[in-house]
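Input: a single structure, listed below in structure tokens.
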Amino acid sequence: AQSVSQHNHHVILSEAASLELGCNYSYGGTVNLFWYVQYPGQHLQLLLKYFSGDPLVKGIKGFEAEFIKSKFSFNLRKPSVQWSDTAEYFCAVIGKGAQKLVFGQGTRLTINP
Amino acid sequence: NAGVTQTPKFQVLKTGQSMTLQCAQDMNHNSMYWYRQDPGMGLRLIYYSASEGTTDKGEVPNGYNVSRLNKREFSLRLESAAPSQTSVYFCASSEQGGGSYNEQFFGPGTRLTVL
């Protein structure tokens, strides 16, 4: 069965700090990986996705993530965060041939101005 | 395009009452999903419909039923609401499920409180 673990439940940073949110998954085969963001009071939006090819993927708003197959990880990074990045971030995985997307527990990110 | 729409946005029920959450998408997607979001638990899949005419249970289906009314609409019914069903409910759709997977697009959510 697929599972996703996000290590940090709540991260607090100051503006301009660098960000890395951890995501590890459990699945034995080929996977598609996603990061979604949920701004306060809004619905989930796709930040970026990995299907195949270059393991370093770039998303919207300056976010990027690196797929490291040997570590079953897909960490989200941003070099310099802004107050507007305050949101909840969800990692998600679906195995090739599977029907269901599995979400991590989410990481709440608070950026102090 | 409106994307994925949900009604209502908010609802308060008493224990034992029933209600139906409505979801519609205008992207001609084949697959639709219902999730619930609870603090510290991420999103958990309740039911999904891989294509029109099919529905399947997700991770937490107990206490819920679904209907895929047509390609556009996928409703979630609570027959006898319980306080444990207090949650935020999200509907989502994707072009295809299964092996040819595409990203899911989410609706704005329904915040349900059961007293």
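Here is the naming used below: chain letters follow the sequence lines, and residue numbers restart at 1 for every chain. If you're wondering where the values come from, they're calculated on a predicted model, not measured in any experiment. No hydrogens, no waters, no symmetry mates; every other heavy atom, side chains included, goes into these values.
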Hydrophobic cluster membership, with links at side-chain heavy-atom distances under 4.5 Å among I/L/V/M/F/W/Y: are [X] and [Y] in one?
X         : Y        : value
Leu76(A)  : Val31(A) : yes
Ile60(A)  : Leu19(A) : yes
Ile46(B)  : Tyr33(B) : no
Val114(B) : Leu76(B) : yes
Val37(A)  : Phe74(A) : yes

Nearest 0.5 angstrom please: [X] [atom1] to [Y] [atom2], how far?
X         : Y         : atom1 : atom2 : answer
Lys100(A) : Arg44(B)  : NZ    : CZ    : 14.0 Å
Leu44(A)  : Tyr35(B)  : CG    : OH    : 9.5 Å
His43(A)  : Phe90(B)  : NE2   : CZ    : 9.0 Å
Lys49(A)  : Gln104(B) : NZ    : CD    : 12.0 Å
Gln37(B)  : Gln38(A)  : CD    : CD    : 4.5 Å
Ser31(B)  : Leu101(A) : OG    : CG    : 11.5 Å

Looking only at Gln6(A), His9(A), Gln105(A), most heavy-atom pairs under 4.5 Å shared with chain B are made by Gln105(A)
Please look at Leu43(B) and chain A and tell me whether the side chain, the backbone, both or neither of the residue comes under 4.5 angstrom of a heavy atom of that chain.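 Contact with chain A involves both backbone and side-chain atoms of Leu43(B).
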